[in-house]
Amino acid sequence: MAGLTLASPSAERRGYSPWRETWRRYRRHRPAVISAVLLLLLIAAVVIGPFIWRVSISDIDVVAGLQGPSLAHPFGTDDLGQDLLARMIYGGRISLAVGLAAMLVSVFVGTLIGALAGMSRGALGYALMWLTDLFLSLPQLPLLLMLIYLFRDGLKALFGPEGGIFILIVLVIGGLRWMPVARLVRAQFLSLREKEFVEAARALGASPVRQVVRHILPNALGPVIIAGTIDVAAAIIAESTLSFLGLGFPPDTPTWGRILYDAKDFLDIGPHWALFPGGAIFIAVVAINFIGDGLRDALDARKVI
Amino acid sequence: MTFAFIRCAICRQNGGRFQGPPQTHVSRTEGTMFDNNLRGMIDDVKDGRMDRRAFVKRMIAVGLTAPMANQILAIGGVAMAQSPNPYKPTKRGGGGPLKLLWWQGPTLLNPHFATGTKDQDGSRIFYEPLASWDVDGHLNPILAAEIPSIQNGGLSADAKQVIWKLKPGVKWHDGKPVTADDLVFNWEYASDPATAAVSIETYSGLTVEKIDDLTIRITFKKPTPFWANAFVGAYGCVIPKHLFADYKGGKSREAPNNLKPVGTGPYKFVEFKPGDLIRGEINPDYHMANRPSFDTIEMKGGGDAVSAARAVIQTGEYDFAWNIQVEDEVLQRLEKGGKGKALFAVGGDIEFIAINFTDPNTEVDGERSSIKTKHPILSDPKVRQALALLVDRDSVKKAIYGRAGRTTANYLNGPEEFVSKNTKWEFSVEKASALLEQAGWKLGSDGIREKDGKKLKLLYQTSINGPRQKTQAIVKQACQKAGIDVELKSVVASVFFSSDVANPDTYAHFYADIEMFQIPMTQPDPALHMRRYHSRNIATKENKWQGPNFPRWANKEFDAAVDAADTETDPIKRADLYIKGNDLMWQDNVMIPVMHRLAVEASSNTLRPALSGWANQTDNLQDWYRET
Amino acid sequence: MSQYILRRLMIAIPSLLGISLVLFVVLALAPGDPFSELATNPNVPPEVQAALRAKFGLDDPIYLRYLHWIAAMAHGDWGFSFVSRVDVDTLILQRLPTTLYVVGSSQLLALLIAIPVGVYAATRPYSLFDQLANTFAFIGFSLPTFFTGILFILVFSVKLDWLPFVYTSVPGSGIPWLLEMVRQAIMPVMVLGLFQAASMTRFVRSAMLDVIRLDYVTTARAKGLGQAKVIVKHVMRNAMIPVVTLIALQMPAVFGGAIVTEQIFRIPGIGSLLISSILANDTPVVMAVTFVFACLVVLFNLIADVLYGWLDPRISFR
């Protein structure tokens, strides 16, 4: 009932397209706006950073190891004396790109499969749920080792070392994390597709695609957005484990997850080492979360701001 | 479940723990003169003109280790002395619980199935060999009544026979007596291929026969200068015939006592959970006086090395932790807390970068790194020499190994009499660059050298392990400064060290230009260590990459030296042959040594563990006690 | 409904067979060796390693190995571990109680935190309580458990010396033993429970927010029902669908263990057995654990579907 009464008026308001309406609503969400700015700043920092902070990421100076923040090294150094600021900037590019891209893959795949399974009342639904169950049951480590064994050389030849590895990582992380999203979306769909407003739309002759895109999906977005933001954090951490399996970037490439992992044994000797990557991941996660919240409020037709 | 776990699980080192000799620090003297003196001295000891302790001291002074000195005496016809570990408790038991932390928990308790040293350590709590290497590096009789010697008739002068006598009155934990039949059975059991025993090699090439209830004779097929292998140390542990006789060969896995050991050791079995926990209680009928000191023993497995060090050194939750492979900086920091300390034992373990002499990028008859090819870059001795100049061993020591490592130019670092003094190493980017220039590698516009339009680019692989990835970073940086582009690759240890024929990522396939790992010395003798690199042992597709010569290095002089050393019974000549082998490897830069690694243990301040560079950690467990 | 459940159970058999086949192929193709520790031991020539491989059938073709496995499974034979040469079911049963205790408690803790906090935060969106809850949740899932575990150890074991951080399952009885069992589980349960609670809180909050704005809730309020009654009776039941989904996703882990946490605190659970078996390529153990895990995944998926029908009677399964 709620959907029925509210799905229409926004479209009919004069001079407002749905997208502008969404944007208007989004701007009202203060934390979301601040977070969007913050995330853009973070991205700008890692993109422009290397041109301003020109210290090498790999210069080793074992004498100057584990130093706290100073003028020469604003973020301090790690145990090999490598400059942490330079490594954080360099690693931020990879971590943010991998985190966001892998999140998009997992959310897209998860939503697609969940929606199809949720709408289908026949064999397709069962098949897709079987696929989800299968992926949930697969032990990830042997799977990854198998992928390396079967595909690494081929992908390297196909896409070149850098691009190929990025694609591989994003696909692997996204491909192993879509299942909760699919289950959540399917559960929402099972419930929503029986709701009055969907029935009404069906009665009015809306095609299944229109039912999904215009009526059901916007109402199922809540858990999807939460899952997406959690996935960003998980993907940043997961990337560091992949590089350790020889599947990811070479072992000397710093990324946020990797720096955090390397720092863990030195937590009581050089806490600064863990503080910066941990803080950076936290800031990115918070920003993405609030952006997600803002988006949901903006897309949620029921809420009038 | 995220896959964040993967890394912490993998940074565990691949198995091997090592034993090696306690080292001395005196230079070696000229061979021949020494040789004559030696024979005189052995006679002096024999006739009582010289004290055996004085002999051992003199040997150490000329660079021999105590065990080798004792073996020389033994072959020369002098009985080995028994030097018990310092042991203060005056009664059995009363020492309370002993809590050990093995961050890789033992997974099985049959010494003949012991895959890694963790399993050997666990089995050793309950099972015992005839003798083990003690703190001073002597053979210490455990189940044996005495150590074989020519004087007591235990050894033959041709190094082809050993006679062992059992201590009378020793009983298994179930009360049955230990007899020569048990020893013969162990040989039959382990040498039967159907048993699938890991100790098979220790018991092949020899026969064991019973002389009387307490005596056996070992006969070697060919002269074996290092005779103390079967029935000695980790794979020498003896299992009871009466419980395992029905489970020899194909049924070996079904023996119920695989999980419930009944041995002769200082502690009796209570509980075993594979990979997690071993518990034992004092053996009130133990065959050594006043031993053991502790009432119960617990060996807890799992976790990682850093937190194991914390549990012993920082919080004191445990008494002893095994194999603490942690950056020395972290250890020193933990030690400031003061409940425990790190202990170091010198062995012959060597961490090295091996050079591929064949071409990993060209396939010949379905095989890369084929012996029919030559490495396009590294077959040039100048490039290999330059690479050796680019390994900054001091920085590696400072940043990673600290007290747990020694810089070295040698592949063979122990026992001391086998260590070459003819070699040296240095770190110099300038000299390396100059050598590369001479070899025709000119700097390109991107800072990478090139020759005939080909870039100087190397693939550097190793197993996944924290210190190894740091070493890779240090070496890579120096190489970059000299104009070499190094691509790093790391492989999960269980893959890197597997014998999987189909997998190209194993160290034996060596589908890379250089690779780094560690080879332990499990005995105070270099024979097995050096025989690997004989040209007949080159790893090929034909031998399913089982040939242990993975650098695929072939050198006739080296082959001859190693072959001669195998049957040379004169210890001095034998040592010279191995030194020659080491020097040939150094000249050719087959292996670039990174670090001579020491075994590191963590112990509570009050515990007095009897550790030896020659043995596994629990090999002298009966002598452990707590200072009050 | 019972007919529906019966049908789903019938479908489960072939689908589990299919899953087992895929699992087996993945494990067989994944490279590695249970005997890699032997590789650098000069006392053991490589032939021994290769002979062991052959003896345990690792060099046989995959389809043969699978047929052997499935035939043995049909007789209830789980095989034996290549590494410890112990029967797989013995190994699993040894570790199951610890996993159920530790992981079960942490899941319970996560639910006990997430549901009240999430519900309360949703009733007062953007209040101070909501903001605090959100911030803690963000910290909770930005920091991986390998990190928080060590942080907890440093604070509660090393600095304060309150809690032990090595978990031992020594048998015993009596109150002091029981207390010790509880004490050593506190840190792992907290680390795991808080990590789970963080994301779960966000989901509960979001699910509540979705429902709380619906018209029928407003209607219920307008009828003069008390706030608490509205929340519990009208909102929560409808908001529970995503929450039930998440719990169903998590439940198999109560059997499967928590690998990182078990590793850090040396908890002898299924998770640490799984990871060490995977690293050692101990296929029979990995296969058994993952297959039981797969059965639980399928089972809890079915349970979740049945619960959906109960939570929202309009959902129909045919």
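Just so it is clear, the values below take in all heavy atoms, side chains as well, and ignore hydrogens, waters and symmetry mates. Numbered from 1 within each chain, the chains take letters A, B, ... in sequence-line order.
Expressed to the nearest 0.5 Å, how far OG1 of T145(C) lies from CG of L194(C) amounts to 11.5 Å.
With a 4.5 Å cut-off on non-hydrogen atoms, A227(A) touches chain C through its backbone and its side chain both. Heavy atoms closer than 4.5 Å to chain A are found in both the backbone and the side chain of I139(C). For a residue to count as touching a neighbouring chain, one of its non-hydrogen atoms must lie under 4.5 Å from one of that chain's; by this rule I11(C) touches chain A with the side chain only. Using a 4.5 Å cut-off between heavy atoms, L154(C) touches chain A through its side chain atoms alone.
Residue P223(A) comes nearest to S206(C) through the heavy atom pair N-OG, 3.9 Å, listed as atom of the first residue, atom of the second, then distance.
Comparing V285(A), I230(A), D268(A) by heavy-atom pairs within less than 4.5 Å of chain C, the highest count is held by I230(A). Contact tally against chain C (heavy-atom pairs below 4.5 Å) for A233(A), P139(A), P277(A), A263(A): the top residue is P139(A). Note on A304(C), A137(C), S142(C): by heavy-atom pairs under 4.5 Å with chain A, the leading option is S142(C). When L143(C), I19(C), T135(C), T245(C) are compared by the number of non-hydrogen pairs under 4.5 Å with chain A, I19(C) comes out ahead.
The shortest side-chain heavy-atom distance between F290(A) and V286(A) falls under the 4.5 Å cut-off. Side-chain contact between F146(C) and Q263(C) is absent, with no heavy-atom pair separated by less than 4.5 Å.
A cation-pi contact, defined as under 6.0 Å to the ring centre and within 45° of the axis, is absent between K159(C) and F156(C).
Aromatic ring pairs are classed by plane angle as parallel below 30°, tilted from 30° to 60° and perpendicular above 60°; the pair Y66(C) and F24(C) is perpendicular.
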